[in-house]
Amino acid sequence: MTPELKGFLLLGLVKAAVGFGLLLLGVAFVTWLERRQAAFHQDRLGPNRVGPFGLFQPIADGIKNFIKEELVPADANRVLFLLAPALVFTPGLLLFAVIPFAAPMPVSFDFTLPLLGRFVYDDAMPMMIANLPIGLLFVLAVSSLGVYGIVLAGWASNSKYSFLGGLRASAQMVSYEVALGLSVISVFLVAGNVTLTGVVEAQQAKLWYILPLTLGFVLFVVSALAETNRLPFDLPEAESELVYGYHTEYSAMKFAMFFLGEYAALITMSALMATLFFGGWDIPFTSWDEGEPSVVASLATLIVFIIKTFAFVFIYIWIRWSLPRFRYDQLMALGWKVLLPIALGYIMLLATAIWLLEYFNVEQDLLYGLILFVVNLPVIYVLFWILDSGRLVFGHGLQRRITS
Amino acid sequence: MAIEVTVVRRPERNVSYLRASLKGMALTFQHLFRKKVTMQYPEEISEDEWSISPRWRGTHRMLTDEQGRARCVACGLCPQICPANCIKLVPGEDEEGNRYPLIYEIDEFRCVFCGYCQEVCPEEAIHVGVHYENAEYQRERFVYDLERLCAQTHPVSSLWDPADPRGE
């Protein structure tokens with residue numbers, strides 16, 4: 001191995017350790033945030049005893065979960081039952097690997113270790129764990145893996161509630177996968193690139209995609225809620241009807257793994273929203289962070305990225321503690337009858353608009369964004385009209401059927 | 001017989017999912033900044049907002065006379081009436097013929113806090129107290145002896161609401 005390759009590998013290991021460490025820290029923080037924020041929405045205080053503001057509560061919870069007894073139901077499929085929590089947990093972590101979380105940081109070292117030899121690296125290090133050329137496609141591929149863990153958990157538990165939860169999860173996640181993929185296609189269309197670094201660079205050079213792709217963002221948020229099984233789409237869990245669905249039979253740390261997986265997915269989805277539609281780590285209204293890579297710029301953009309991500313985490317939690325759960329047919333109707341056709345029509349409209357804009361040689365700047373925003377408006381109107389006219393809640397044509 | 005179905009045609013603004021959701025979200029957002037109702041119990045005990053009833057029947061207290069002796073005359077009525085059989089009383093008598101308790105113990109684990117002991121006491125000596133902080137580290141500590149019963153300082157229960165004419 002050349003010293004350069006070894007330096008690259010070493011850096012990769014360090015990035016993976018630091019990146020996943022940060023993510024897990026974020027997961028612990030989100031478990032605390034969810035409980036505190038839920039309490040605040042309900043005029044309570046929430047956990048505030050362990051450490052300052054109760055910030056060490058996740059540690060206490062973790063210790064508790066580790067020393068609790070692990071139960072495996074007698075008729076459970078043991079191998080799959082033990083495998084499922086890990087399968088739920090990993091996709092959330094894996095997704096984070098391709099998200100750039102800060103501006104490139106200049107790194108240079110040249111040292112020799114006994115036995116291992118010389119390590120050399122001297123370049124701007126991209127601040128993501130794996131700079132995959134397939135970026136967003138990897139996101140789509142891995143995010144759909146999460147369903148396997150849930151289905152296996154539901155099946156292997158050998159309990160009717162878990163099984164129902166698993167079935168619901170598979171149907172729901174497969175349905176909303178379609179809308180999620182289609183909403184991401186709108187980003188492909190404008191960025192002309194599938195790597196997330198490419199998407200971020202395109203946004204910081206010109207404009208954030210929230211303006212030209214408003215509806216794409218709305219679709220992404222709704223399907224991301226469904227993908228991560230959060231309220232109002234938490235039918236696989238549905239504590240009031242399915243006794244927490246697929247994790248009914250789980251206990252101790254395996255039970256906690258499902259939650260860690262859910263929160264990891266929550267963070268990565270929020271990070272994706274920030275990356276795809278809100279400029280990633282780009283600091284708005286300035287351009288100094290886009291120039292020559294420096295450590296200061298890198299850290300500043302990291303902070304900005306964390307703020308953007310947690311703004312979406314806040315909204316996620318806010319939605320969870322505000323809205324009631326959908327009925328199952330409403331969920332399916334929303335996915336297949338509303339989001340899918342709207343997303344398809346939107347992409348056709350958007351592609352046409354982009355083709356026309358390119359035909360007339362309009363630069364990707366504010367004007368471009370405004371024109372595409374105007375293109376968004378009628379589709380947004382249609383979506384909101386459908387949601388607003390009570391079809392979703394009542395079911396299409398239900399009223400008519402009763403009267404006739 | 002056909003079941004009659006009334007079809008209510010609600011106006012659109014009442015059945016809209018979107019408007020209702022946004023309204024709900026706005027409401028929960030306002031609640032973020034409301035005053036929290038949580039009373040942080042061990043540190044703050046809000047007397048004005050939250051207090052227990054004067055009729056509360058908690059752990060016992062023995063009242064004492066001017067010399068600091070228990071008012072109890074060891075008549076034996078309270079162990080007699082106690083439905084849980086949790087009072088242990090051994091009577092004694094001094095040179096002047098005054099009866100007093102040699103041993104007076106109440107097992108607070110057995111006690112059902114009915115308050116009959118207070119009701120039956122002719123000397124108004126034993127009382128159930130308006131008190132709820134009873135935690136201990138050992139089970140044995142829940143058998144209160146005479147000394148401990150006399151040392152309690154918390155207010156005693158009134159058993160009946162004085163304002164209620166049907167009381168007693």
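Given the structure is predicted, the values throughout are model-derived calculations rather than measurements. Reminder, nothing fancy here: chain letters follow the sequence lines and each chain counts from 1.
- The environment of Phe53(A) atom CZ is sparse: at most 12 non-hydrogen atoms of other residues, nucleotides or ligands sit within 6.0 angstrom.
- Note that the CE atom of Met25(B) and the CD1 atom of Ile315(A) stand 7.5 Å from one another [nearest 0.5 Å].
- For chain A, no part of Gln30(B) is nearby; none of its heavy atoms comes within less than 4.5 Å.
- Heavy atoms of other residues, nucleotides or ligands lying less than 6.0 angstrom from CZ of Phe142(B) number more than 12.
- At least one side-chain heavy atom of Leu32(B) sits less than 4.5 Å from a side-chain heavy atom of Gln37(A).
- Around atom NZ of Lys36(B), more than 12 heavy atoms belonging to other residues, nucleotides or ligands sit under 6.0 Å away.
- Atom CZ of Phe56(A) has 12 or fewer neighbouring heavy atoms from other residues, nucleotides or ligands inside a 6.0 Å radius.
- Heavy-atom neighbours of Tyr381(A) OH from other residues, nucleotides or ligands within 6.0 Å: at or below the threshold of 12.
- In this structure, chain A has heavy atoms under 4.5 Å from both the backbone and the side chain of Phe29(B).
- Closest approach of Gln40(B) to Arg49(A), counting heavy atoms only: OE1-NH2, 3.0 Å.
- Residues Phe40(A) and His31(B) have side chains not in contact (no heavy-atom distance under 4.5 Å, counting atoms from C-beta outward).
- For CD of Glu95(B), the number of neighbouring non-hydrogen atoms (other residues, nucleotides, ligands) closer than 6.0 Å is 12 at most.
- For Leu45(A), the parts lying under 4.5 angstrom from a heavy atom of chain B are both the backbone and the side chain.
- No side-chain heavy atom of Thr28(B) sits less than 4.5 Å from a side-chain heavy atom of Gln42(A).
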